[in-house]
Peer 1: 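What follows is a single structure, and I will ask about it in a moment.
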Amino acid sequence: MNVWIAVGVTALGCYAVKLAGLLVPAGALERPLVRRLAALLPVALLAALTAQQTFADGLELVLDARAEGLAAAAVALVLRAPFLLVVAAAVAVTAGVRAWGG
């Protein structure tokens with residue numbers, strides 16, 4: 001039963017956040033600071049999520065094949081490779097390192 005309470009609370013929370021976003025006056029969203037923040041916040045959140053998923057295992061900091069895959073993706077991005085090639089490079093390097101026992 002506790003799971004359904006959590007689902008209900010999460011659904012209500014999501015609805016409240018969406019409603020709060022609709023109630024913000026349009027003039028507040030046109031400010032330069034708000035526009036800059038809205039442009040940069042998703043990038044910062046995605047970077048934090050990537051770092052957490054790459055370098056954390058529970059409560060431990062780890063350096064394993066995921067870090068090498070991320071490095072390969074970064075190199076592919078610097079070389080301006082297409083997105084699918086970036087993902088393929090990360091997958092191939094991560095799988096290769098794991099296959100070789102690294």
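Everything numeric in this text was worked out from a predicted model, so none of it was measured.
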Peer 1: Looking at Leu59, I want to see if its CG is surrounded by more than 12 non-hydrogen atoms of other residues, nucleotides or ligands under 6.0 Å.
Peer 2: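 Atom CG in Leu59 is not crowded, with 12 or fewer foreign heavy atoms closer than 6.0 Å.
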
Peer 1: Using the rule that Ile, Leu, Val, Met, Phe, Trp and Tyr join whenever any side-chain heavy atoms are under 4.5 Å apart, tell me whether Leu77 and Val43 fall into a single cluster.
Peer 2: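 Each belongs to a different hydrophobic cluster.
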
Peer 1: Measure the spacing between OG1 of Thr50 and CG of Leu45 and express it to the nearest 0.5 Å.
Peer 2: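 Output value for this atom pair is 10.5 Å.
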
Peer 1: So how far is it from Arg36 CZ to Leu41 CG, rounded to the nearest 0.5 Å?
Peer 2: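 Reported value, rounded in 0.5 Å steps: 13.5 Å.
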
Peer 1: With ILVMFWY side chains joined below 4.5 Å, transitively, what does Leu61's cluster contain besides itself?
Peer 2: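 The other cluster members (ILVMFWY side chains, heavy atoms under 4.5 Å, direct or chained) are Phe55, Leu63, Leu70.
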
Peer 1: Rounded to the nearest 0.5 Å, how far apart are CG of Leu49 and OG1 of Thr54?
Peer 2: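 Leu49 atom CG to Thr54 atom OG1 measures 8.5 Å (nearest 0.5 Å).
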
Peer 1: Could you tell me which non-hydrogen atom of Gly69 sits nearest to which non-hydrogen atom of Thr94, and how far apart they are?
Peer 2: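 So the two residues come closest at CA-OG1, 3.2 Å.
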
Peer 1: Whether the side chain of Arg66 engages the backbone of Gln53 through a donor-acceptor N/O pair (distance < 3.5 Å, no angle test) should be reported.
Peer 2: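 Yes.
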
Peer 1: Do any pairs count as a salt bridge (charged side-chain N to carboxylate O under 4.0 Å, His left out) and have a residue in residues 6-35, sequence neighbours left out, and if so which ones?
Peer 2: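 Every salt bridge (charged side-chain N to carboxylate O under 4.0 Å, His left out) pair that includes a residue of residues 6-35, provided the two are not neighbours, is Glu30-Arg35.
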
Peer 1: Under a single-linkage definition using a 4.5 Å side-chain heavy-atom cutoff for Ile, Leu, Val, Met, Phe, Trp and Tyr, are Leu46 and Leu40 assigned to the same hydrophobic cluster?
Peer 2: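 Different clusters: Leu46 never reaches Leu40 through Ile, Leu, Val, Met, Phe, Trp or Tyr contacts under 4.5 Å.
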
Peer 1: Is there side-chain contact between Thr10 and Val7, with at least one heavy-atom pair below 4.5 Å?
Peer 2: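 Result no, sub-4.5 Å side-chain heavy-atom pair not found.
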
Peer 1: Looking at every non-hydrogen atom in both residues, tell me the closest pair between Val93 and Ala72 and how far apart they are.
Peer 2: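 Between these two residues, the closest heavy atoms are CG2-CB, 3.5 Å.
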
Peer 1: Of all the heavy-atom pairs spanning Pro42 and Ala39, show the shortest one and how long it is.
Peer 2: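 Minimum heavy-atom separation between Pro42 and Ala39: CD-O, 3.9 Å.
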
